[in-house]
Amino acid sequence: MPTVAVSHMMKFTKQNFFFLVGGMIIYVVDIGLDFWVASRYFCQGQYSWSILILCFRGLSSIITQIFSYEWFKNDWEGTDTGKLKLFFLVHLFHCGIFIRYWFALKYGCQVAFKQTSSRGASEADPSNFIQKQAIDAVTDINMLRVFKTFLETTPQLFLQIYILMGYGKTNFYQYAAIIMSFCGISLSMVDYQISLRKSLPDKDEFHVLSKFMYLFYKLLTITSWILSISLITLLSVRISVILLIFLWICGFTWTLKQHTTFCKSKKMEYLYRTVVGIILIFSFFNIKGRRTKVCISIYYATHTVVTLGILFVYVFWKPSIIKEICFTIVSILTISSLVLGIIFLVVYYSRFHPTTYCTHQACSDETDGVAGQKYRTKTGRFQNFLMQ
């Protein structure tokens with residue numbers, strides 16, 4: 001019976017382990033920082049800002065706990081129901097992510113410090129099986145972090161920038177929140193791409209230069225868009241809300257037309273599509289793993305037109321709600337980050353995007369029976385969410 005060789009992409013290293021530990025520490029610090037910033041605003045009498053920060057935190061936590069528990073149910077289907085009940089209680093108290101970190105650290109420690117996988121060994125080999133469990137556990141965590149990034153971190157970054165631009169309040173905790181938001185967005189985007197390409201057999205390795213190109217493309221385009229939304233919010237909160245709702249409807253409709261199959265149940269699939277619609281407000285990604293040259297061109301062309309339109313309104317109208325020097329700085333940052341972001345996007349997709357795919361037969365063999373079937377089932381949900 002032929003065996004499946006474990007490629008270089010299926011390695012969980014000591015570096016991955018330490019990054020995982022660092023990610024968990026950042027996650028805990030981020031929770032504390034959110035409550036600290038919210039409490040500071042509350043003490044200053046800015047109750048609406050405090051409530052908004054807590055609402056973003058609460059919404060993202062609820063969504064991630066729901067997905068986390070559903071994944072446990074899918075992966076442990078037909079196993080001990082007692083553990084699932086215990087996991088349900090843990091997720092009910094919004095601590096499900098720590099169970100996932102526990103499993104990831106457990107498996108990661110075993111493969112990074114205690115075991116070595118032999119080159120060319122089959123996936124059924126114990127050391128390589130644990131290797132795969134570690135990679136899958138980290139991929140689950142990073143998927144949840146992507147949800148958290150666009151449900152909480154990005155809206156909070158938008159709120160902090162809006163407060164700085166509109167009210168001129170400059171406190172240490174505001175800068176701390178902005179820096180933490182940028183770090184959270186950057187790490188979650190890159191970490192997810194790395195773990196996704198490790199967990200899927202048909203994705204090529206994510207090289208160092210590719211990581212930087214992808215990081216700057218995402219970070220710069222998101223920064224430009226957040227600055228643009230902040231400017232239009234200063235003009236009119238109502239117009240800003242209408243624009244965001246319209247963009248969410250467009251994103252949600254697009255996911256419906258794509259006929260995504262990420263979740264097993266219809267309810268979870270619609271929740272997933274709702275979340276995708278929110279993500280698409282801020283950044284583009286390919287939810288079906290298909291070529292998206294036309295879609296991504298339309299997406300960023302629309303962002304460019306809207307951004308330029310907002311800036312032209314400020315130039316010709318000259319509203320007094322923002323100082324001229326402040327508007328000049330924000331305009332330069334908005335345009336430069338947009339242009340640089342699109343340049344990085346073009347260079348990334350034309351030169352550095354890992355587009356090497358192998359056929360399904362090369363990655364798994366039907367005669368391998370249970371081992372191959374288990375692998376395909378385990379990674380099935382990520383085959384349908386290929387972030388670009």
Side-chain angles (χ1 to χ4, degrees), residues 26 29-61 148-186 188 219-245 247-248 278-279 281-283 303 306-307 309-311 313-315 317-338 341:
I26 291 174
V29 171
D30 185 49
I31 294 175
L33 185 62
D34 282 344
F35 284 105
W36 178 49
V37 173
S39 66
R40 296 297 300 171
Y41 280 136
F42 189 85
C43 292
Q44 293 178 2
Q46 304 292 345
Y47 305 120
S48 58
W49 297 344
S50 177
I51 291 172
L52 277 175
I53 289 174
L54 295 178
C55 284
F56 291 142
R57 157 63 62 178
L59 175 64
S60 72
S61 183
K148 175 184 176 296
T149 293
F150 292 100
L151 292 173
E152 175 197 338
T153 309
T154 307
Q156 284 182 351
L157 177 61
F158 157 62
L159 177 63
Q160 296 297 337
I161 292 176
Y162 166 75
I163 293 171
L164 284 176
M165 289 170 54
Y167 297 89
K169 294 180 179 294
T170 55
N171 296 304
F172 170 75
Y173 58 85
Q174 288 177 302
Y175 289 115
I178 291 173
I179 293 171
M180 199 68 186
S181 295
F182 274 117
C183 290
I185 294 171
S186 306
S188 67
L219 195 57
L220 289 169
T221 52
I222 290 173
T223 300
S224 173
W225 186 237
I226 288 177
L227 290 173
S228 300
I229 297 175
S230 300
L231 284 172
I232 198 171
T233 305
L234 286 175
L235 281 177
S236 172
V237 175
R238 181 178 298 178
I239 294 176
S240 177
V241 171
I242 292 173
L243 174 64
L244 294 176
I245 292 175
L247 292 174
W248 174 82
I278 296 174
I279 296 174
I281 293 175
F282 301 102
S283 183
H303 275 212
V306 173
T307 298
I310 294 170
L311 293 177
V313 168
Y314 271 88
V315 168
W317 189 10
K318 300 184 184 300
S320 59
I321 53 178
I322 184 172
K323 295 180 180 178
E324 186 174 349
I325 182 65
C326 182
F327 170 70
T328 303
I329 295 173
V330 172
S331 299
I332 294 172
L333 288 174
T334 302
I335 294 295
S336 59
S337 58
L338 176 61

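Both backbone and side-chain heavy atoms feed into the values below; hydrogens, waters and symmetry mates do not. The structure displayed is predicted, hence computed values, not measured ones.
Checked against side-chain hydrogen bond (donor to acceptor under 3.5 Å, both in side chains), S188 has the following partners two or more places apart in sequence or in another chain: T149. Here I245 pairs with V241, I249 under the side-chain contact (heavy atoms from CB on, under 4.5 Å) rule; sequence neighbours left out. When the side-chain hydrogen bond (donor to acceptor under 3.5 Å, both in side chains) test is applied to T233, the partners found at least two apart in sequence or on another chain are S240. In terms of the side-chain hydrogen bond (donor to acceptor under 3.5 Å, both in side chains) criterion, S224 has no residue partners (sequence neighbours excluded). Under the side-chain contact (heavy atoms from CB on, under 4.5 Å) criterion, S60 pairs with K148, L151, E152, sequence neighbours left out. Contacts of I335 classified as side-chain contact (heavy atoms from CB on, under 4.5 Å), with partners at least two apart in sequence or in another chain: L308, L311, V339. Every residue two or more places apart in sequence or in another chain was checked for a ring pair (Phe, Tyr, Trp, His ring centres under 6.0 Å) with F35, and none qualifies. By the ring pair (Phe, Tyr, Trp, His ring centres under 6.0 Å) test, F158 is found to be paired with no residue, residues two or more places apart in sequence or in another chain being considered. Applying the side-chain contact (heavy atoms from CB on, under 4.5 Å) test to L33 and every residue at least two apart in sequence or in another chain returns W36, V37, A176, M180. Every residue meeting the side-chain hydrogen bond (donor to acceptor under 3.5 Å, both in side chains) condition with S61, not counting sequence neighbours, appears here in chain and number order: H94.
A distance of 6.0 Å separates OG1 of T154 from CZ of F282, quoted to the nearest 0.5 Å. L157 contributes atom CG, which lies 5.0 Å from atom OG of S181 (distance to the nearest 0.5 angstrom). Rounding to the nearest 0.5 Å gives a distance of 11.5 Å between OG of S50 and CZ of R40. The distance from the CD1 atom of I178 to the CG atom of L159 is 9.5 Å, given to the nearest 0.5 Å. With rounding to the nearest 0.5 angstrom, the CD1 atom of I161 is 5.5 Å from the OG atom of S230. The distance from atom CD1 of I226 to atom OG1 of T221, rounded to the nearest 0.5 Å, is 9.5 Å.
At least one donor-acceptor pair closer than 3.5 Å links the side chain of Q156 to the backbone N or O of I53. The backbone N or O of L243 sits nowhere less than 3.5 Å from a side-chain atom of W248 that would complete a donor-acceptor pair.
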Determine, stepwise, if the pair I232 / V313 fulfils side chain to side chain contact (heavy atoms under 4.5 Å, CB included). CA-CA 9 Å; I232 198 171; V313 168; over 6 Å; no
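Counting heavy atoms from C-beta outward, L338 and W225 have side chains that stay 4.5 Å or more apart. The side-chain heavy atoms of L231 and L235, taken from C-beta on, include no pair separated by under 4.5 Å. Here the side chains of D34 and F56 are not in contact, with every heavy-atom distance at 4.5 Å or above. Between V237 and Y162, some side-chain heavy-atom pair lies under the 4.5 Å cut-off.
What you find for Q174 and Y41 is that their closest heavy atoms are NE2-OH, 3.0 Å. When all heavy atoms of D30 and R57 are compared, the closest pair comes out as OD2-NH2, 3.2 Å. Closest approach of S228 and I310 over heavy atoms only: O-CD1, 3.5 Å.
Note on residues 325-336: no pairs pass side chain to side chain donor-acceptor pair (under 3.5 Å), not counting sequence neighbours. The salt bridge (charged side-chain N to carboxylate O under 4.0 Å, His left out) analysis of residues 220-239, with sequence neighbours excluded, yields no pairs.
Aromatic ring orientation, Y314 versus F327: parallel (interplanar angle below 30°, classes split at 30° and 60°).
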